Amino acid sequence: MLKFYDSPLLRQYAVVIVVNLCVLATGTGIVWPSPVLVKLNNSTQRVLSRPITEEEGSWIVSIGSISGIASNFLIAFLVDIVGRKYGLILACLPKLVAGFIFIFATEVWLVLLGRALVGISDSAIFTLVPMYASEIASKDIRGGLGTILQIMCSFGVVIMLSIGPFISYINLNITYTCINFLTTIPLFILPDSPYFLYSKGRTAEALKVLTFCRGSEALAHEELKEYEAVDGKDAKINKRDIFANKLFQKSLILVVIFSIGCQFAGFNAVSFYLQTVLESTQTSVKPEFASVIIGVIQLVASFGTTFMTDKFGRKPILTVTGFGMALGMLGLGIFFKLKETVPVTGFLNYVPLISLILVVYSFSAGLGSLFWVVGAELFDDKSRGIGMSICLMATTIAMFLTTKYFAFFTSAIGAALTYWIFSINCVLMCLFIMFFIPETKAAMAVIRLSALVLAVSAVTLCDMSDGNETIMRPIPEGLKLGVATSNYQIEGAWNVSGKTPSIWDTYCHTTDRIKDGSTGDDACKSYEFYQRDIQMMKYLGIDFYRFSIAWTRVLPSGFANIINQDGIDYYNRLIDELIANGIEPMVTMYHWDLPQTLQDLGGWTNPFITEWFEDYARVLYEAYGDRVKTWITINEPKQLAIFGYGMTRFAPDMVSPGIGDYMAVKNILLAHARAYHLYDKVYRKEQKGVCGITIATDFREGATNSSADIELGNLAMDFEVGLYSHPIFSTTGGFPKDAVKRVAEKSAQQGFPRTRLPQLTHEEAEYIKGTSDFFGFNHYSTKFYTEKGYTQGSFPIPSYDDDIGGLTSYLNYKQAPVIHSTAIPNGMRKALNWVRETCNNPRILITENGYGDLGGVDDEDRVQYYKDYLGAVLSAIEDGCNVATFTAWSLMDNFEWDGGYGPKFGLFDVDFDDDKRTRKPKTSAVWYKNVIATRRLDPNYTPELQDISF
């Protein structure tokens, strides 16, 4: 393996530069016909047994395109059998053979055979080099490394155009063969692609390569985990569904027209015949020197593309350079037309060179550099490999046609008319770009390599992103977008119209545990201003609104003996207005606000609460089930049980760590199951809705790649999520075995005669199992667990945290102002896949996701958070996760539990000093509105604040 520098960055650049040396050789082959055709036509210095005909010359130029098409069908099999490294070495062999054929050829058919072999090599190299580079480079610099491919190719063009016209045919081909040989040899010392090694089960070798390239075994292990997370993704792509997708069909039509138009603009025809074109001008400018100048111009253009695109955007660059090509082709046509009637003197001598410079620079800086990038961005992740493979076929066929018949048309209709047709095609292409191609302004350095990989490869590569995509991605047709709130956090009116105190009313009034000393007595006053809330939702254009019902507003005593009609009517009005405005109601029965009367009887630690909750659910089904089609029984049982009954953080402040909280867990599951069975047996047939539970599913994983930390991360997921998901969604039912074992072991160590985790009887486990039509999924961030530094007594004994037995952190991720919303978007993807893999791939309703800051309407961090997290959701869907909804938390700033009014999660700002609680859209609201309206996740859309109030 190469031993370059201590810097991992330099190592990666060194490896990619070495592999791109064969692209330099390919660049020499691209313009090989330019000087060679002139030599093969020379009757005085005969190379072959006779001068070639015009027809033969056109085949020499174009045959490589046809053989390149054939080679593409072999590439996918080749790279998965022998690997990227040896695939590249094999891809270089046909060119080496071709070089010897060229040297000793005496007949035209041998030259044609050599050019066919070169076409096979070049097509394979342009596929394999970016593929290899993308897998060697770390994702944060992957795009920057990709620019080397274009620059190296341009260097090869300059070399051939600089020496080809000045040396003999034999010496040119000896030089060409030596270049190919010298650029192939270094490939043998390169490591193979780590992803290929991993895919073949050679994990130790993959780890070694990644450690060399990333500079750290820990980073290498992290990337291996990403490989594992997305392994097998490509097999899930259903090609029939892709071709049936209307968005794919539209994108495919646009890209195919675009690709064919780029070739009919004439650049490849002119560049392949460059020396012939220069000879035909018969000006005082020597063709040999003109070709050198043009080669250098192409190299300069390749260096400048990145800067210009980042500064001006793709569409303006494509349009301007397209018109530049049109002007250059127009100039060539005018020159050849004038040449028919007037002598070539003075400035006219320089018109062809100036025109060709304009054509070459414009194409290299515009269409030639950006075509594959823009084309790739028009497809989503699932369809990009297929779409761009079709595009490659169309491009290659069009290239064959223009290069094969260029000489024929210049003879048949004249050079002037041929160039004018090219000029008209350039103008038509510019108009097509202006009116049909959308603007995509993602940073050039970030996207170029991935676009090149997808553009030239017939295989869809593994996506190892962190959920943070730089391409425009469509929102799947079945994914609904909404917002959420909860009653205590927004309604206020805590003692109005028959409502009695909940545990949160008591907690806020009688303790000092709310950080700013506030209460939810008034909150956002949504009980009074709910119609304004609906206007805010209409502004966003959401599909659904998730809200919760206050138990004590409907049943003041907590029991079903007294039903408060004022409370029933309030939610009737809310539901009816939502439906009238085209917004689907999604109702949470219980969002932590237990009636104080029931808490006085033990609350969730009292087994009778399962009956009380079933009675409450019956009242709601009877009152609203004719219109509400999505019911969530209980929100986040972990926070309700552990924070409320095992810690001082939440109401009801009944602190019984490691005992009372686990009692609550069991009763919550049974209460949920009773409400579900009630709906399933009595109401489902008539009301035709669904019923389920929402579980907090923040991701947990090991802080390091030590086996102890990895096991601890898995155990933490069993405690955090599995205690609630496993009894419901697993095929076996009951609590997760590892969690059961851990609590039993800890209980024994602490002297308890039996486990502190109440057991589910066989009948109870069977009763709970399968009691959810969907997995309600709340997610904000990811925590990392480690055993390092943890000692007995780090947490109260007994307690939930002590049972897990580890310390947590957010590693080196930038912590959010509200820390539990620290942005780690790949954790969202991992959590969704965890649900898919451990819960039998249920239908997932993402019922909360959001970012907490400390206020302000210009909330760019929240916008970026949502971009990254929604991107992670789309990636998880591509992984096979069955996600049906995405819900932003929250519609507006509100009472944030023990944080009071300090933390802000809203899309809308609320003026809590204003008695009317005026609401204003934040930047994030404008952004979300755009996502909903366009059904696209556009990483480059920049929302602008709007001065409106509700």
Side-chain angles (χ1 to χ4, degrees), residues 29-43 47-70 105 107-116 118-119 122 259-283 287 291 294 325-326 328-340 352 355-356 359-360 363 367 393-429:
I30 288 175
V31 291
W32 181 90
S34 175
V36 168
L37 288 181
V38 174
K39 300 177 190 299
L40 295 180
N41 275 312
N42 194 321
S43 58
V47 174
L48 305 179
S49 60
R50 58 173 175 79
I52 62 172
T53 65
E54 183 179 280
E55 175 70 11
E56 290 167 339
S58 67
W59 276 109
I60 288 172
V61 170
S62 60
I63 194 171
S65 301
I66 299 299
S67 61
I69 292 175
E107 300 296 333
V108 175
W109 71 268
L110 287 170
V111 178
L112 290 172
L113 174 61
R115 285 298 292 170
V118 170
D122 288 351
S259 62
I260 293 173
C262 286
Q263 295 307 313
F264 286 170
F267 169 79
N268 284 315
V270 171
S271 63
F272 283 18
Y273 286 93
L274 180 62
Q275 196 71 21
T276 304
V277 171
L278 290 169
E279 293 275 355
S280 69
T281 62
Q282 298 178 341
T283 65
S291 67
I294 290 170
M325 282 190 66
M329 292 294 186
L330 179 64
L332 285 170
I334 291 173
F335 169 82
F336 281 102
K337 189 64 178 177
L338 291 174
K339 184 173 175 288
E340 295 174 4
S355 298
L356 284 168
V359 169
V360 169
F363 186 86
L367 291 174
M393 297 285 288
T395 299
T396 309
I397 292 170
M399 182 188 299
F400 166 75
L401 293 174
T402 55
T403 54
K404 173 69 177 66
Y405 294 104
F406 173 68
F408 169 78
F409 277 107
T410 54
S411 298
I413 63 176
L417 188 54
T418 300
Y419 291 119
W420 284 341
I421 291 173
F422 283 148
S423 180
I424 292 170
N425 286 340
C426 290
V427 173
L428 292 175
M429 181 53 48

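Quick caveat: nothing in here was measured; it's all calculated off a predicted structure. Values reported hereafter were calculated over all heavy atoms of this structure, with side chains retained and with hydrogens, waters and symmetry mates removed.
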J.: Considering residues at least two apart in sequence or located in another chain, which fulfil the ring pair (Phe, Tyr, Trp, His ring centres under 6.0 Å) criterion with Tyr419?
T.: Phe336

J.: Nearest heavy-atom pair of Thr403 and Ser62: which atoms, and what distance?
T.: OG1-CB, 3.3 Å

J.: Does any non-hydrogen side-chain atom of Arg50 lie less than 4.5 Å from one of Val108?
T.: yes

J.: Is there a donor-acceptor pair closer than 3.5 Å between any side-chain N or O of Thr410 and the backbone N or O of Ala415?
T.: no

J.: To the nearest 0.5 Å, tell me how far Thr53 OG1 sits from Asn41 CG.
T.: 8.5 Å

J.: Rounded to the nearest 0.5 Å, what separates atom CD in Glu54 from atom CZ in Phe406?
T.: 10.0 Å

J.: Take Phe335 and Thr283, measure what side chain to side chain contact (heavy atoms under 4.5 Å, CB included) needs, and give me the verdict at the end.
T.: CA-CA 11 Å; Phe335 169 82; Thr283 65; 3.6 Å; yes

J.: Rounded to the nearest 0.5 Å, what separation is found between the CE atom of Met329 and the CD1 atom of Ile334?
T.: 13.5 Å

J.: Is the shortest side-chain heavy-atom distance between Trp32 and Val61 below 4.5 Å?
T.: no

J.: For residues 271-280, pull every pair meeting salt bridge (Lys or Arg N to Asp or Glu O under 4.0 Å), keeping only residues two or more places apart or in separate chains.
T.: none

J.: If I compare all heavy atoms of Val270 with all of Val277, which pair ends up nearest, and what's the gap?
T.: O-CG2, 4.4 Å

J.: Is it the case that the side chain of Ser34 and the backbone of Val31 share a donor-acceptor pair, with hydrogens and angles ignored and the cut-off at 3.5 Å?
T.: no

J.: Would you indicate whether the side-chain heavy atoms of Pro51 and Leu40 approach each other to under 4.5 Å?
T.: no

J.: One pair to check against side chain to side chain contact (heavy atoms under 4.5 Å, CB included): Leu48 and Glu107. What are the steps and the verdict?
T.: CA-CA 6 Å; Leu48 305 179; Glu107 300 296 333; over 6 Å; no

J.: Quick one: salt bridge (Lys or Arg N to Asp or Glu O under 4.0 Å) partners of Lys404, sequence neighbours excluded?
T.: Glu55

J.: Go through the structure and list residues passing ring pair (Phe, Tyr, Trp, His ring centres under 6.0 Å) with Phe409, not counting sequence neighbours.
T.: none

J.: Going through the distances and angles, do Met325 and Met429 end up as a side chain to side chain contact (heavy atoms under 4.5 Å, CB included)?
T.: CA-CA 11 Å; Met325 282 190 66; Met429 181 53 48; over 6 Å; no

J.: Under the ring pair (Phe, Tyr, Trp, His ring centres under 6.0 Å) test, which residues partner Trp420, sequence neighbours left out?
T.: none

J.: Once rounded to the nearest 0.5 Å, what's the spacing between atom CD1 of Ile424 and atom CG of Leu417?
T.: 8.0 Å

J.: Working to the nearest 0.5 angstrom, can you tell me the gap between Ile60 CD1 and Leu112 CG?
T.: 5.5 Å

J.: Do Pro33 and Arg115 touch side chain to side chain, with heavy atoms closer than 4.5 Å?
T.: yes

J.: Is the shortest heavy-atom distance from the side chain of Ile52 to the side chain of Val111 under 4.5 Å?
T.: no

J.: Would you mind listing every salt bridge (Lys or Arg N to Asp or Glu O under 4.0 Å) that reaches into residues 405-415, with sequence neighbours excluded?
T.: none

J.: To the nearest 0.5 Å, how far apart are CE in Met399 and CZ in Phe267?
T.: 10.0 Å

J.: Do the rings of Tyr405 and Phe400 sit parallel, tilted or perpendicular, given the 30° and 60° boundaries?
T.: perpendicular

J.: When you measure from the side chain of Gln263 to the backbone of Ile260, do you find a donor-acceptor pair of N or O atoms at a distance under 3.5 Å?
T.: no

